[in-house]
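Working notes, beginning with the structure itself.
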Number of protein chains: 2
Amino acid sequence: MSSYKHKKVISIGTVNELTGLSLRQIRYYEERQLIYPERTKRGTRKYSFSDVETLLQIADKREEGVQTYEIRKDLQSSNKGKVMERMLRGQLNAHFRMNK
Amino acid sequence: MSSYKHKKVISIGTVNELTGLSLRQIRYYEERQLIYPERTKRGTRKYSFSDVETLLQIADKREEGVQTYEIRKDLQSSNKGKVMERMLRGQLNAHFRMNK
DNA sequence: CGTGTAAGGAATTCTGACACG
DNA sequence: CGTGTAAGGAATTCTGACACG
């Protein structure tokens, strides 16, 4: 769950190299609530590989002309999908355990 | 293979927080060839999660008083072990595919 | 709305070296 | 051998703002 993929350890300069997005863009997408980096005590942003993937998706959408507001909704619903899936899986597991 | 675990994206300050080792120690273990961070164009070191794990192992060994030279040998042989295992696995797979 | 840029300050990282032991 | 530290420079990151559109 709190695996390498979700650990916030990458600084914004590296995210820039990984995604090709400008620092300005990366910060702006945070302002628009598309991503949620963590902050070190001193205030520098730290991103996860998961954030990098999301940014790559955002870049694609933006190229298609989709606005950040729409992209946010998409990201949220796809996340909701994952949560639902996880919950269902949990239910199924419980079910089959009972019938064993 | 070139997964999140091995991607070199973590700066030394973050490695310090993750491992508790001082910057001096982290750099020194590189000098002694226990770890191999990459360098950005400008020269700052970048580490992978794998490097962080190795550093944690190094810290344990050092507490036991093991010298860096010994630790390096241990790390190399454990790596050799992994490579051998992988090669064997490949051979086994090939074997069973043939008998199918 | 989304992104570029110049501005000034604060923290980061780098290297080579001296120190202790 | 392994690690601390002070030293000076170079690059990073941050925020708030003006600009364009």
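Below, read A as the first sequence line, B as the second, and so on, with proteins coming before strands; counting in each chain starts at 1.
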Closer than 4.0 Å, any side-chain N/O of [X] to the OP1 or OP2 of [N]?
X: B:Thr44; N: D:dT12; value: no
X: B:Tyr28; N: D:dT3; value: no
X: B:Tyr29; N: D:dT3; value: yes
X: A:Ser11; N: D:dT13; value: yes
X: A:Arg39; N: D:dT13; value: no

Roughly how many Å is it from [atom1] in [X] to [atom2] in [N], rounded to a whole number?
X: B:Ile10; N: C:dT13; atom1: CD1; atom2: P; result: 12 Å
X: A:Glu30; N: D:dT13; atom1: CD; atom2: C1'; result: 13 Å
X: A:Asn16; N: D:dT13; atom1: CG; atom2: C1'; result: 12 Å
X: A:Glu64; N: C:dG2; atom1: CD; atom2: P; result: 15 Å
X: B:Leu23; N: D:dA7; atom1: CG; atom2: C1'; result: 16 Å
X: A:Leu21; N: C:dG4; atom1: CG; atom2: C1'; result: 14 Å
X: A:Lys61; N: C:dG2; atom1: NZ; atom2: P; result: 14 Å
X: A:Glu38; N: D:dC14; atom1: CD; atom2: C1'; result: 18 Å

* Report, as yes or no, whether the 6.0 Å neighbourhood of atom OH on B:Tyr36 holds more than 12 heavy atoms from other residues, nucleotides or ligands. =>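 Result for OH/B:Tyr36: enclosed.
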
* **More than 12 heavy atoms of other groups within 6.0 Å of A:Arg89 CZ** =>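 Not buried by this count: 12 neighbours or fewer within 6.0 Å.
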
* Quick one: look up who C:dC18 pairs with, Watson-Crick or G-U, both distances under 3.5 Å, and put none if it's unpaired. =>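 Across any shown strand, C:dC18 pairs with D:dG4.
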
* If each of B:Arg32 and A:Arg24 is mapped to the nucleotide of DNA chain D with the nearest heavy atom, which maps nearer the 5' terminus, i.e. the 5' end? ->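 This one resolves to B:Arg32.
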
Spatial distance of atom [atom1] ([X]) from atom [atom2] ([Y]) [nearest 0.5 Å]:
X: A:Asp51; Y: A:Ile58; atom1: CG; atom2: CD1; value: 9.0 Å
X: A:Ser50; Y: A:Lys7; atom1: OG; atom2: NZ; value: 14.5 Å
X: B:Ser11; Y: A:Lys46; atom1: OG; atom2: NZ; value: 4.0 Å

* What does A:Arg27 touch in the nucleic acid at a heavy-atom separation under 4.0 angstrom: a base, only the sugar-phosphate, or nothing? ->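 Answer is base: heavy atoms of A:Arg27 come under 4.0 Å of a base.
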
Closest approach to the side chain of [X], judged atom by atom: which nucleotide of [options] is it?
X: B:Gln25; options: C:dA10, D:dT3, D:dA10; result: D:dT3
X: A:Arg42; options: D:dT13, C:dC14, C:dT3; result: D:dT13
X: A:Arg45; options: D:dT15, C:dA17, C:dG4; result: D:dT15

* Asked: DNA chain C: A:Thr40 or A:Gln67, which has the more 5' nearest nucleotide?
  ->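 Mapping each residue to its closest nucleotide by heavy atoms, the 5'-most match is A:Gln67.
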
